[in-house]
2 protein chains.
Amino acid sequence: MIKLSTKGRYGMRLMVNLARHHKNGREAIILKNVSEEEGISIRYLEQIIIPLKINKLVKSIRGAGGGYTLGKSPTEIRVCDVLQALEGTCSLVECVEDETYCDKTKICGTHDIWKGATQLLKDYFSGITLQDALELTDKKIAAAKKKAKAK
Amino acid sequence: MIKLSTKGRYGMRLMVNLARHHKNGREAIILKNVSEEEGISIRYLEQIIIPLKINKLVKSIRGAGGGYTLGKSPTEIRVCDVLQALEGTCSLVECVEDETYCDKTKICGTHDIWKGATQLLKDYFSGITLQDALELTDKKIAAAKKKAKAK
DNA sequence: CCGTTTTCAACATAAATTTATAGGAATGAT
DNA sequence: ATCATTCCTATAAATTTATGTTGAAAACGG
C-alpha cells in the first residue's frame with residue numbers, strides 16, 4: 001500500500017481534536033482526553049506530539065491544569081504542515097526530495113511518475129486547513145446524531 | 001512520510017525493465033539481468049515478482065533459457081495495476097478501502113481527506129501505462145547519453 | 001512554604017511489519 | 001547428466017508501531 005503512516009493519521013486526528021477545543025476557549029487539552037476520544041493510547045500520542053511541538057504547531061503547558069493547545073489558529077495550519085512535521089516530508093519516495101538518494105534518478109522514468117504524484121498530493125494537502133478538517137468532522141458528527149435521533 | 005513501499009518502487013522498475021525488452025522481441029528476461037541493470041538483489045526481485053505473476057502481469061518460464069515476459073502489452077498495463085498487484089490497493093489508508101477498519105470512520109473528517117487524496121492518486125496512476133513509463137525512461141536515457149557525448 | 005497531585009518529558013523495551021538475504025528443491029533446455 | 005533458471009521456505013536486519021517506567025515541572029491546598 002502507499003501508506004500514510006499511523007503517525008500521520010493519528011497526528012491529524014490529534015490536531016483536529018485540539019482544533020475542536022481551540023474554538024471553545026483557550027484552556028489546554030490533556031492527552032488523556034484526546035486518548036479517550038480518539039481511541040489512541042496516551043503513550044503513543046505523547047510520542048506523536050513531540051514533532052508537532054518542535055514545529056510550533058502545538059504548545060505545551062506543564063503541570064496540573066496543563067495540557068496542549070494549538071500553536072496557531074486552525075485556519076493557519078494546513079494538512080501539509082502537519083504531515084511535514086510528522087513525516088519530514090509529504091513525498092511518496094525519498095528520491096523526489098533528494099535526487100542523489102538513488103543513482104538512477106537521472107535515467108529513471110518511474111522517478112518522474114512519483115514526482116508527479118507527489119506534487120498532486122502536496123497541492124491537495126496545501127489546500128486543506130485544520131479548520132476545514134474540523135468542519136468536515138463536525139458536519140459528520142451532526143449527521144450521525146440526526147440519524148440516531150430519527151431512529 | 002507517505003511512503004510508497006519498496007515493493008511498489010522496485011516492482012515498477014522491474015516492470016519497466018521487462019517492458020523495454022518486450023518490444024525487442026519475445027525472449028524471456030532473467031531476473032539476474034534485471035538485478036544487474038536495476039541494482040536490486042535477485043532474491044528480493046524473486047519475492048516481488050510473485051504477486052505480479054499471480055495477477056497475470058508477468059508470465060514465467062521455468063528452467064534453463066527461462067525467465068519472465070510481460071503478461072500483456074505495455075500499453076495495456078497501467079501503473080495502478082502494478083501497484084494494486086503489489087500492495088493490494090492504491091489507498092493511502094486502510095479505512096478508505098474498508099470503512100469498518102476503524103469504528104470512527106463515520107464521524108472522522110480526516111477520513112474524507114484521505115479518501116480525496118486516494119482518489120487523486122488512483123486517477124493519476126490509472127492514466128499512466130507501462131508504455132508511458134518506458135518512454136519517459138528511454139527519453140531520459142537518451143538525454144543523459146547526449147549530454148555525456150557532448151562533454 | 002511544603003507536600004501532593006497533575007501533567008508533560010525522556011528513556012527503555014516489546015511487538016509487528018517491512019525490507020532484504022540465504023539455501024536448496026523443482027523444472028526444463030541442451 | 002549438467003547447467004541455468006524459477007520456486008519455495010526460512011530467517012536476519014531494519015523500521016514502524018505501541019507500551020511501560022521513571023523523572024521533572026507546575027499548580028494547588030493546606
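Source: prediction; values computed, not measured.
Whole-Å rounding puts the B/Ile50 CD1 to D/dT6 P distance at 12 Å. For the pair B/Ile30 CD1 and D/dT6 P, the computed distance is 6 Å after rounding to whole Å. Rounded to whole angstrom, the span from the CD1 atom of A/Ile48 across to the C1' atom of D/dA18 amounts to 10 Å. Atom-to-atom, CG of A/Leu86 to P of D/dT17 comes out at 11 Å; the value is rounded to the nearest Å. For the pair B/Leu45 CG and C/dT21 C1', the interatomic distance rounds to 13 Å; values are reported in whole Å. A/Tyr44 has its OH atom 16 Å from the P atom of C/dA15, to the nearest Å. For A/Ile29 and C/dT7, the CD1 to C1' distance is 13 Å, given to the nearest whole Å. Rounded to whole Å, the distance from CD on A/Glu87 to P on D/dT17 is 8 Å.
Judged by atom type and distance alone, B/Gln47 reaches the base of C/dT21 through a side-chain donor-acceptor pair under 3.5 Å. Between the side chain of B/Glu46 and the base of D/dC7, at least one donor-acceptor pair of N or O atoms lies under 3.5 Å.
When the side-chain nitrogen and oxygen atoms of B/Ser60 are compared with OP1 and OP2 of D/dT6, none of them lie within a distance under 4.0 Å. Contact check, B/Ser5 against C/dT18: no side-chain N or O comes under 4.0 Å of OP1 or OP2. Contact annotation: B/Lys53 reaches the phosphate of D/dC7 (side-chain N/O to OP1 or OP2, under 4.0 Å). Note on B/Thr6: every side-chain N or O is 4.0 Å or more away from OP1 and OP2 of C/dT18.
Side-chain contact check for B/Asp132 and B/Thr129: at least one donor-acceptor pair (N or O, by modelled atom type) lies under 3.5 Å.
B/Leu31 comes within contact range of the sugar-phosphate backbone alone, with a heavy-atom separation under 4.0 Å but no base atom that close.
Counting heavy-atom neighbours within 6.0 Å of B/Lys59 NZ, excluding the residue itself, gives a total of 12 or less.
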Protein-proximity profile, nucleotides 22-30 of chain D, B/S/- by nucleotide at the 4.0 Å heavy-atom cutoff, equals -BBBBS---
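Looking only at distances, a side-chain donor or acceptor of A/Tyr124 sits under 3.5 Å from a matching main-chain atom of B/Ile113. When atom types are taken as modelled, the side chain of B/Arg9 and the backbone of A/Val93 share no donor-acceptor pair closer than 3.5 angstrom.
B/Lys122 and B/Glu97 are joined by a salt bridge, as a carboxylate oxygen and a charged side-chain nitrogen come within less than 4.0 angstrom of each other. A/Lys3 has no carboxylate O lying under 4.0 Å from a charged side-chain N of A/Glu87, or vice versa, which leaves the two without a salt bridge. Under the 4.0 Å criterion applied to side-chain N and carboxylate O atoms, B/Glu36 and B/Lys32 are assigned as salt-bridge partners.
Comparing A/Tyr68 and B/Ile40, the nucleotide of DNA chain C nearest to each residue sits closer to the 5' end for A/Tyr68. Where B/Ile49 and A/Arg9 each meet DNA chain D at their nearest nucleotide, the meeting point lying more 5' is that of B/Ile49.
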